[in-house]
Amino acid sequence: MRFIFAVLRQVFKNFRQTWLSQLMTLLTVSLSVFIFAFFYLVYINMLSIGDKLGYDLRLIVYLEEEPIPELQEQLRRKILAFDEVEEIYFVSRQEALERFKVQLGEDQDVLQDMPEDFLPPSIEVVPLKNLRSLNQVKLFSEYLSKLPGTIKVQYGQDWIERFYYFTRLVSIIVVLSAGLLILTSVFMVSYKIRLTIIGRKAELELMKLVGATNSYIRTPFFIEGILQGLLGSTLGLVALFGLFYWIKIKFSGPGILNIFEFSFFEPPIIVMISIVSILLCLTGSYSSMRKYLRT
Amino acid sequence: MSEHSNNTMVELIKVSKTYHPNIQALSGVSISIRSGEMVFITGRSGAGKTTFLKLLCKMELPTRGLVEIDGLDIRKMRGNNLSYLRQQIGVAYQDFKLLTDRTVSENISIAMEVSYRKPQIIRKRVKALLEELDLSDKHNSMTGDLSRGEQQRVTLARAVANSPKLILVDEPTGNLDATTTARVMEMLIGLNNSGATVLIATHDHTIYRDVEHRLLELRGGQMHQLRDGVMQ
């Protein structure tokens with residue numbers, strides 16, 4: 001217990017003596033956490049949007065002629081050979097015409113002179129409702145277009161491709177910002193502690209000479225690392241929540257952002273980001289202290 | 001510290017110390033110092049007095065021979081064991097080793113802080129020591145702003161602050177006037193009377209002239225006993 005109090009007094013003393021560099025390190029860690037968490041939040045929300053869009057996503061495979069039940073079964077097997085799907089539905093020429101009539105409503109008279117089989121039969125394929133299959137839609141569509149008897153495959157090509165590239169871009173940014181977080185947390189804390197050690201070399205040498213144990217010298221720096229990680233992640237996440245909340249308020253009302261419901265991190269993710277940040281800062285202080293106590 | 005069987009605090013057997021490239025500081029020194037003894041070690045500058053004291057707190061390792069403190073081989077002391085041993089040894093260094101950008105009280109406190117003493121006990125002890133060494137008005141002064149004599153007393157205060165069982169003092173009166181010298185010696189004798197083993201390296205004959213403690217001389221790297229001591 002006396003050890004803990006003695007170490008905490010050392011921590012307090014360190015903070016008092018080097019508060020400016022401590023503050024700068026803290027702000028750097030906070031900013032890194034903020035940047036990483038921002039892109040991660042965007043990514044998570046995009047995954048969620050992808051899920052929602054996936055509900056409406058279906059590929060329509062237009063066929064040359066009405067497939068007989070045996071051919072339907074063959075086509076079904078071929079489709080499932082590519083990937084699992086939510087639903088496969090065969091639409092006959094007749095059903096296609098009925099649907100068209102419903103869509104035309106009062107204007108369905110225009111179809112009176114048309115032959116009843118002018119619309120092609122088709123297969124409606126509903127992929128699984130997750131982004132993996134959403135990203136695979138393009139490949140899936142290419143596969144379907146090569147099935148025998150296929151005239152054309154239709155889906156929302158444009159937005160799916162854009163969405164796909166955007167999620168790819170965001171995921172790359174998430175990885176890069178995670179790298180930034182690692183670099184700043186580990187190296188900033190490590191160099192900050194190394195500078196502190198250089199600045200306090202005489203004091204630390206003296207402490208050893210008057211009988212300070214390695215734990216007594218080391219522990220305050222570890223606590224410093226833990227506090228930098230904890231406070232840095234808290235500040236970064238609070239700032240991000242502030243920005244998130246502001247965007248939500250500012251852009252509420254009719255608009256594109258209101259089509260989808262954006263959400264902040266779930267508590268386990270917040271805890272995970274904080275723990276990772278603490279561990280990274282702790283690694284920074286550990287590497288510096290190990291070098292010092294070894295020499 | 002352990003209860004050494006024959007109450008020997010310091011034991012050196014055939015200890016030699018050679019510095020690079022080939023400077024012989026100590027050569028085959030053998031000596032025993034009993035617990036509670038006060039010993040003066042004299043010798044000319046460069047005779048090896050500081051080296052001798054440094055060997056006792058493992059600031060230096062002997063090139064050859066055995067150094068034991070309270071029955072413990074100093075060469076084998078590492079990590080926490082060495083730390084706990086050093087907490088029992090108070091050293092007043094010749095070059096002071098003060099933190100010049102810290103106050104007098106901070107410099108003295110450091111020796112007690114590493115032993116996890118309570119802040120109120122530390123404050124009380126610092127105050128008492130400063131009064132004893134006539135430095136009460138320097139409590140919050142930066143040690144870098146003090147005179148050499150004042151710095152020397154702060155070093156001494158730090159060495160004795162933790163009530164160590166072994167006190168090593170290197171040239172304690174080099175920068176002091178006669179009155180302050182008397183005051184410092186009074187304190188060291190008081191600590192010795194309380195049971196501490198005190199080793200004083202000095203070439204100031206005035207501080208050992210009138211006392212009856214053992215007097216040793218380092219000459220040519222070897223230890224010579226000039227006067228047998230009387231245990232107080």
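Proteins come first, then strands; the chains are lettered A, B, ... in the order of their sequence lines, and each starts at number 1.
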Assert top hit (heavy-atom pairs under 4.5 Å, partner chain B, pool A:R200, A:M207, A:Q17) equals A:Q17
If one checks every heavy atom of B:L99 against chain A at 4.5 Å, the contacting part turns out to be side chain
Cut-off 4.5 Å, heavy atoms of chain B, and the answer for A:A6 is side chain
Of the listed B:P119, B:C57, B:S115, the one with the largest count of heavy-atom pairs under 4.5 Å with chain A is B:P119
Ranking A:R9, A:K13, A:E203, A:Q10 by heavy-atom pairs under 4.5 Å to chain B gives rank one to A:E203
### Query
Just checking, is any N or O donor in the side chain of B:Q152 or B:E171 under 3.5 Å from an acceptor N or O on the other one?
no
I'd like to know whether the aromatic ring centres of A:Y40 and A:F265 sit less than 6.0 Å apart in this structure. yes
Most heavy-atom pairs under 4.5 Å with chain A, out of B:R158, B:R117, B:R102, belong to B:R102
Under the 6.0 Å and 45° cation-pi test, does B:K17 pair with B:Y19? yes
The side chain to side chain contact (heavy atoms under 4.5 Å, CB included) partner of B:I69 among B:T197, B:I33, B:V10, B:L55 is B:V10
Are the aromatic ring centres of A:F264 and A:Y245 under 6.0 angstrom apart?
no
